[in-house]
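Heads up, the thing below is written out as structure tokens.
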Protein chains: 2
Amino acid sequence: MAATIRDVARAAGVGLGTVSRVLNLSPLVSAATRQRVLDVIAELHYVPSRLAHTLIAGKTRTVATIAPFFTRPSVIERLRGIEATLAGHGYNLVVFNVESAERRNACLRDVPRADRCDGVLMISLPPRGDEIAALHATKLPVVLVDTSASGLLGVCIDDVAAGELATRTLVELGHRRIGFIGDAQAYTATFNFTSSWERHQGFRHVLQAAGLAVRPAYEGFGFHGRYEARVLAREMLLLAEPPTAIFAASDTQALGILEATRDLGLTVPAHLSIIGFDDIDIAEYLGLTTVRQPLFESGAHGAELILSMIAGHRPAPVTAYLPVELVVRGSTAPPASA
Amino acid sequence: MAATIRDVARAAGVGLGTVSRVLNLSPLVSAATRQRVLDVIAELHYVPSRLAHTLIAGKTRTVATIAPFFTRPSVIERLRGIEATLAGHGYNLVVFNVESAERRNACLRDVPRADRCDGVLMISLPPRGDEIAALHATKLPVVLVDTSASGLLGVCIDDVAAGELATRTLVELGHRRIGFIGDAQAYTATFNFTSSWERHQGFRHVLQAAGLAVRPAYEGFGFHGRYEARVLAREMLLLAEPPTAIFAASDTQALGILEATRDLGLTVPAHLSIIGFDDIDIAEYLGLTTVRQPLFESGAHGAELILSMIAGHRPAPVTAYLPVELVVRGSTAPPASA
DNA sequence: GTTACCATTGGAACAAGTTCCACTACATTG
DNA sequence: CAATGTAGTGGAACTTGTTCCAATGGTAAC
């Protein structure tokens, strides 16, 4: 079908090695020979097979990314950072979308293989102990984004501190009855998601430090989604003594809380202050106070780490923490009673 | 490094062909030999190289997708449909994100190569005449999603009819001063985007059929984004005789219009009716009336077509049109004067 | 006792590049 | 003038798995 290096060699009346040298810009070719080979290459529309090169070099120039629920705005933004960085270095991005435990396990087992990719990025999916061992056995570079695991590189934020930041903001506004809405254990356990749990830890730290009671009724956990958060917030707001502020583990969930207030005819922030997390695109439009984390940058940084490891560097397996930032908009205010 | 088929053959004391036959489930191996080979394979943790297999078979089990601005909700949803379908058939998805004319051209030139992928899906990016010829020359299966081109398969919607549907809805509500906000030519031309333009065509058809004047001041074109739409809508709404309804070529742009009404203290739909396009996730929350198109399905269908072509089928190069649906929510009503 | 046939097996050739050794000229050095 | 050096070149060997032809051993039929 397509012309091969042998076709070129034959047509140009030279040896295989000479064509290869021309292709690889070796100086050990006379100008006349080089030109003749280049002419034939142009004439035959010869393009070296990426495949054969890959087989020889043992490098695929491909990075695999395993991402859960890649329609989530936060995941997308990270992927964008990854793609931009990889494309800038001539690397391809293969995406594996995980939406079930089976698929997660299958990806962790099958994707990290040297004949598939040169490195693996995993978003929000920390591997278990045995999986970490298996990853090490492959000798492939692995970088975690938005999560961490011992012995592996990671790029993430300090979710506990971020949770404290959000909660402290509400406490300092004068709120005493503060709620939290995050992901349900049963669901995060499936994928080992930790962000929501850690933000919740930060939430509790601040409440306790402020001498505020942690009321179970003010803590709602459900599947990560607008609808579930809406239901949870509704319950909370219908309590005899409802919270005056709620911290949501994500903007998506904050959106559900906003819906619930609307359903009940409540006003934000007069009746309820809301803080979200991520600062997704729509947050600005909605005037949502939120904790912004560098999503694009986390992906870009993770991709840079992978590329440097592919290039042979072996950085220490530490977790890099990117800074978060509180973005104050209209959804937070002192409580009405204050 | 990793064990090869030769290592297995040597350790099992059999020939290369025998190991290959075991791997390929050939019946021409005695049970005893098969078991011995399988034992050695397990012992050496041998895994066949995907790479070498690819070189032999000439198949990469990979489909490339070229997508513009893949953070857009509509593109993401299509990608999700593509990924789900490909993963279900053991195919990998390589994503190329296009955000500039250079990158678009580079992708169209370099991605469709047999040694990179078995097929190419292109979202919203119709190739030009010379590029179509080049695509045909590669013999690679190509399917367009959300666009069409002669000689190529496509999966899209009838954007003109959809534009008519949206506009007719406004006309039938009694609106006489109807605006349109869509993508600027200068920007769509870069990528050959056609959706906005065609929806605008439908818009004009209906206005003319209804005997309504097409006023240039009621037609705004800008870069596809919330902010740009907001600016355009603001201008329109500040006219001495502003439109009583606006049709936006996308929900993202409809969002900008919503923002503009809010900026000006106007109420939707009392002062202004708005119809968007796509029915993205947030549209429901915002109560936006919109034209829903099957995004996930378009990706899934495109992927199915590619897979069937990879399997050897050569369907006629026709464009499949998926149905659209008007989703009526709270952002549309008869004009105040009616 | 042959001949015929089949199940089973081994391994060369191949896919499309890269690497590297060997060889040819010609030039420089002693 | 011989010895050494080197730029330029050719092509075998190699990467890993598949394909296919040839060969083996044994059984069955005549």
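Each chain gets a letter, A, B and so on, in the order its sequence line appears, and its residues count up from 1.
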Exercise. Quick one: OG on B:Ser74 to CD1 on B:Ile123, what's the gap to the nearest 0.5 Å?
Worked result: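 If we round to the nearest 0.5 Å, B:Ser74:OG and B:Ile123:CD1 are 8.5 Å apart.
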For this session: To the nearest 0.5 Å, tell me how far A:His224 NE2 sits from A:Asp183 CG.
Result: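 Reported to 0.5 Å precision, the distance equals 6.0 Å.
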Exercise. How is A:Val14 classified with respect to the nucleic acid when contacts are heavy atoms under 4.0 Å: base, sugar-phosphate, or nothing?
Worked result: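 Answer is sugar-phosphate: A:Val14 comes under 4.0 Å of backbone atoms only.
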For this session: Scan B:Thr33 against the nucleic acid and name what it touches under 4.0 Å (heavy atoms): base, sugar-phosphate only, or nothing.
Result: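 Touches sugar-phosphate only.
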Checking only heavy atoms, does the side chain of [X] share a donor-acceptor pair with the base of [N] at less than 3.5 Å?
X       : N      : value
A:Arg6  : C:dG17 : yes
A:Arg34 : D:dG8  : no
B:Arg50 : D:dG17 : no

Among [options], which nucleotide has an atom closest to any side-chain atom of [X]?
X       : options                : value
B:Ala52 : D:dT16, D:dC20, D:dG11 : D:dT16
B:Thr4  : D:dT16, D:dG11, D:dT18 : D:dT16
B:Ile5  : D:dG17, C:dA16, D:dT9  : D:dG17
A:Ile56 : C:dA16, D:dG10, D:dG17 : C:dA16
B:Tyr46 : D:dG10, D:dG17, D:dT18 : D:dG17
B:Ser49 : D:dG17, C:dG17, C:dT9  : D:dG17

Problem set entry | B:Asp118 and its side-chain hydrogen bond (donor to acceptor under 3.5 Å, both in side chains) partner, picked from B:Thr60, B:Asn92, B:Thr54 |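 Result for side-chain hydrogen bond (donor to acceptor under 3.5 Å, both in side chains) with B:Asp118: B:Thr60.
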Exercise. Are B:Arg10 and B:Asp7 within salt-bridge range, i.e. N to O under 4.0 Å?
Worked result: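 Yes, B:Arg10 and B:Asp7 are salt-bridged.
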Exercise. Taking 4.0 angstrom as the limit, do B:Arg72 and B:Glu77 come out as a salt bridge?
Worked result: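 B:Glu77 and B:Arg72: not salt-bridged.
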Spacing of [X] atom [atom1] relative to [N] atom [atom2], expressed in whole Å:
X        : N      : atom1 : atom2 : result
B:Arg116 : C:dA16 : CZ    : P     : 18 Å
B:Arg21  : D:dC20 : CZ    : P     : 12 Å
A:Leu16  : C:dC21 : CG    : C1'   : 15 Å
A:Leu23  : C:dT19 : CG    : P     : 12 Å
A:Leu55  : C:dA15 : CG    : P     : 14 Å
B:Leu51  : C:dA16 : CG    : P     : 14 Å

Problem set entry | Contact under 4.0 Å: B:Ser20 side-chain N or O vs D:dG17 OP1/OP2 |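 Checking B:Ser20 against D:dG17: no side-chain N or O falls below 4.0 Å of OP1 or OP2.
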Exercise. So, is B:Thr18 close to the C:dG10 phosphate, meaning a side-chain N or O under 4.0 Å from OP1 or OP2?
Worked result: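 Checking C:dG10 against B:Thr18, a side-chain N or O does come within under 4.0 Å of OP1 or OP2.
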For this session: Can you sort out which residues in residues 24-32 of chain B have a heavy atom within less than 4.0 Å of DNA chain C? Ascending by number, please.
Result: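 Nucleic-acid contacts, sorted: B:Pro27, B:Leu28, B:Val29, B:Ser30.
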Exercise. Is the charged tip of A:Arg104 near the ring of A:Phe191: under 6.0 Å from the six-membered ring centre and within 45° of its axis?
Worked result: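 No.
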Problem set entry | Distance-only donor-acceptor check, side chains A:Thr188 and A:Asn192, under 3.5 Å |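 A:Asn192 and A:Thr188 do not have a side-chain donor-acceptor pair below 3.5 Å.
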Problem set entry | Most 5' of A:His53 and B:Gly13 on DNA chain C, judged by nearest nucleotide |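 It is B:Gly13, whose closest nucleotide lies nearer the 5' terminus.
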Exercise. If you take all heavy atoms of B:Leu44 and B:Ala11, which pair is closest and at what distance?
Worked result: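 In terms of heavy atoms, the two residues are closest at CD1-CB, 4.3 Å.
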